[in-house]
Amino acid sequence: MNKEKEIEEQKSYINKVKEMNKGKDLKYTILTMGCQLNENDSEKICGMAEEMGYTKTQNQKDADLAIFNTCCVRENAEDKLFGKLGELKKLKEQKGIIIAIGGCMMQEKHIIDKIKESYPFVDIVFGTHTLHKFPEDLYKSIQEKRKIEDVIDIDGEIYEGLPIKRDSNIKASVTIMNGCNNFCSYCIVPYVRGRERSRNPRDIINEVRELAKQGYKEITLLGQNVNSYLRVEKEKNIEFEEYEGVNSFATLLTAINKIDGIERIRFVSPHPKDFTDDVIDAIAKCEKVCKLVHLPLQSGNTKVLKEMNRKYTKEQYLNLVEKMKNRIPNLTLSTDIIVGFPGETDEEFEDTLDVVRKVKFEQVYMFIYSRRVGTPGDKMENQVPDDIKHVRFDKLKSLVESQIEENNKKYIGTIQKVLVEGESKNNKEMLTGRTDSNKVVIFEGNKDLINKIINLEIVSEHMWYLKGKEF
Ligand code: 5AD
Ligand code: SF4
């Protein structure tokens, strides 16, 4: 079936479920784990659920449908899912709540086996390549009163035109590509998300234009490897239609930069090995592209990087940072780091600390290496003991925190452009927003300022946020 037909078919399932649910005031909950791509997928699941007549609730006990969108990048997500399923068993027995689990973890056979064996009350299991078929799966589960397992192991198509219910009306995520071809040896993503494939330039540009029309100010472009957008298509001669001059990631940034109404553009995650000069130049010259770039390091040691299959050395990473800092005024960087990859010695870990000291990241997302079934890392014999991993993690954390404190001080007395996002969660009297460098700023101000970019003078710093006043 072609893609348009498939989406038409799903829309007809949406209508069928809506008809069945008429007048019933049904509610759903959704628990999203993992990265921003999963959050964006969840917004699509919510869009479909709401069109089928369900309204969102935060209270599990009120729900008629419980949805899980899972992640399998690290082990703790598995513990969380199974803990939650245990809790739901009672609700299933009491009121027959429908339980649907989707996302990355469902692409792993050993997880599906465990669900079938230990949690047989789960109604629907769907994978990353069948998300768009959620309406059909739900319909069949209700109508035919049977368990649905809808997981395929091929690289799914990119489907356009699904309903979407976005979490914010100020900032929006736009997925530009699916999958990953890099096979970093610790990472499960290429196995559960399939090979890289890019969305058409026209679909992306039109989505961003529509978002601008709806009043969105900030766009985050998402993909496992955003700076290789359209690369595979070009290498494999897969036809794509160039639109508004877009034929690469750099030209995509340039085209989105021209869309009126959009004021900020962010993107995650790029890969250092694909950070070509045209992308650096585009960031420098596009005034809407935020000058905070996320540049995952993973390790600062060349031997560990080789074992990780990252395809750059410590020196190449540092040179890239130097080049970017020279060409992009006011550049700040954030990063991802894994500690305790198999075989990592104390000296090799010191190289990671050395890079952190040198680069002075704005933000560091730190992870303890987690063995993932099916990855080369899992088969390596020289696994690092847990206690050593924790010691290294704590060392890295205290270095990062001392750097953040140092860095925060630099903000005091400066004027920052802040996109005001709403009331502060902890103090309704205050508003909250973010700087270009993605720092949270809290300040006193009139609610009319929400969804505007304003100048704030930073008056104090508090580790995870800054305080500002109107300037
Ligand atoms: N263990 C720990 N961290 C991991 N990441 C990916 N796979 C693993 C793993 N097996 C981290 C990487 C990646 C981020 C999204 O998650 O740092 O950039
Ligand atoms: Fe995983 Fe590496 Fe692909 Fe990122 S680039 S998704 S870390 S395999």
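Counting starts at 1 for both ligands and their atoms, following the listed order.
Judged by distance alone, the side chain of Thr414 and the main-chain N or O of Lys410 form no donor-acceptor pair under 3.5 Å. Not a single donor-acceptor pair under 3.5 Å links the side chain of Asn407 to the backbone N or O of Lys360. The closest donor-acceptor contact from the side chain of Arg327 to the backbone of Ile280 lies at 3.5 Å or more, if one exists at all. Side chain of Arg392 to main chain of Glu344: a donor-acceptor pair is present (N/O by atom type, distance under 3.5 Å, no hydrogens or angles).
Relative ring orientation between His132 and Tyr159 is described as parallel, the plane-to-plane angle staying below 30° on a 0-90° scale split at 30° and 60°.
Closest approach of Leu88 to Ala66, counting heavy atoms only: CD1-CB, 3.9 Å.
Listed as neighbours of ligand 1 are Val73, Arg74, Tyr186, Gln298, Asp336, Ile338, Phe367, Ile368, Tyr369, Ser370, Arg372, each bearing a heavy atom under 4.0 Å from the ligand.
Atom 2 (Fe) of ligand 2 has Cys184 SG as its protein N, O or S neighbours under 2.8 Å.
By the 4.0 Å N-to-carboxylate-O rule, Lys358 lies close enough to Asp354 to be salt-bridged with it.
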Output side-chain donor-acceptor pairs under 3.5 Å for residues 75-84, partner residues at least two apart or in another chain, one line each.
unit_1: Glu78; atom_1: OE2; unit_2: Arg372; atom_2: NH1; d: 3.1

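Counting only residues at least two apart or on different chains, no side-chain hydrogen bond (donor to acceptor under 3.5 Å, both in side chains) pair has a member in residues 395-404.
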